[in-house]
Number of protein chains: 2
Amino acid sequence: MLIRNDTADDWAAIWPFLRVIVAAGETYTLPRAIAEDDARAIWMLEPPSATFVAVDDDGTVLGSAKANPNQLGPGSHIASASFMVDPAHGRRGVGRALGEHVLAWATAQGFRAMQFNAVVETNTHAVALWRSLGFEIIGVLPDGFAHPEHGYVGLNIMHRWL
Amino acid sequence: MLIRNDTADDWAAIWPFLRVIVAAGETYTLPRAIAEDDARAIWMLEPPSATFVAVDDDGTVLGSAKANPNQLGPGSHIASASFMVDPAHGRRGVGRALGEHVLAWATAQGFRAMQFNAVVETNTHAVALWRSLGFEIIGVLPDGFAHPEHGYVGLNIMHRWL
């Protein structure tokens, strides 16, 4: 598995699984029927933000991540990031590899910490992954997420120093 | 004092004090030298968000607030809001009146709670005001804000049920 910065051509490979993940409505605070142009604008970022793809040996895109300043101006020294792994390629460590890559990138860029604003508490796989990479929950927004199966559940705010 | 929804004409009255407040760099996670067009796009919102102004008897704009869904899709039932009071008209209860108005608006719109993502902890006037209106601190982003006088200070994440 290789992780590299994205190119515009990668969108055609990202959109099919991003759309499925967002449509499921279980993990992302994005409109479940998001339009492709809106999704592209949210996901395919320019400096000082960045988008990455994880690809296997034959070039298949397995997952993607984006990283960006979480706030502007006097808050721009804290990074945030988002991750999407193609469900067809789950359980292969793609999310962890993307996470490690993004943490290294944010450190190299001079960010002081990384914050996730909205990790759905029922997304236990993600919560455990981020904990294993050194993140701590610094707050929970109660009932912050309308889950299609579990109803209103909390959104974890997670933080890790860089 | 009257609080009403904004019109496009209000921007000419908002921009002078918004620019001063943002340039001071003590309370907002916005670029201190923000361009007017960027500021207008951030502040003057369309439905389902809203912008309000507080005006006195002669029509002078004393302050402004904006309110919006804090997240999209499955997170869009939680509101957020931002407030700017002209320093020339401070200590007259403008912030409190705007806060009460925004809470009533968000309740009427059907939001379930309001979240502030980034209340600078040294902005003790604001923290006390929001506490007095029923908000609680649900988390603190350590060193989340680069204050021009105090250095890195925390950002309070505040929450209130509606």
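A, B, ... follow the sequence lines: proteins, then strands. Residue 1 opens every chain.
Of all the listed residues (B:His159, B:Gln115, B:Arg112), the one sharing the greatest number of non-hydrogen pairs under 4.5 Å with chain A is B:Arg112. Heavy-atom pairs under 4.5 Å with chain B were tallied for A:Gly73, A:Pro74, A:Ala146, A:Gly139; the largest tally goes to A:Pro74. No other option in A:Ile138, A:Ile78, A:Asn70, A:Val22 has as many heavy-atom pairs under 4.5 Å with chain B as A:Ile138.
Proximity to chain A (any heavy atom under 4.5 Å) is shown, for B:Pro142, by both the backbone and the side chain. For B:Asp143, the parts lying under 4.5 angstrom from a heavy atom of chain A are both the backbone and the side chain. Of the atoms belonging to A:Val140, it is backbone heavy atoms, and not side-chain ones, that fall under 4.5 Å from chain B. Residue contact with chain A, scored on non-hydrogen atoms closer than 4.5 Å, involves the backbone and the side chain of B:Leu141 alike.
Checked against the 6.0 Å centroid threshold, B:His77 and A:Tyr152 count as a close aromatic pair. Taking the centre of each ring, A:Trp161 and A:Phe111 stay at or above the 6.0 Å mark.
B:Asp57 CG: 12 or fewer foreign heavy atoms inside a 6.0 Å radius.
The pair B:Asp86-B:Arg92 does not count as a salt bridge, with every side-chain nitrogen at least 4.0 angstrom from each carboxylate oxygen.
A distance-only check finds no donor-acceptor pair linking the side chain of A:Arg160 to the backbone of A:Glu136 [under 3.5 Å].
With contacts defined as side-chain heavy-atom distances shorter than 4.5 Å, the pair B:Phe52/B:Asp6 does not qualify.
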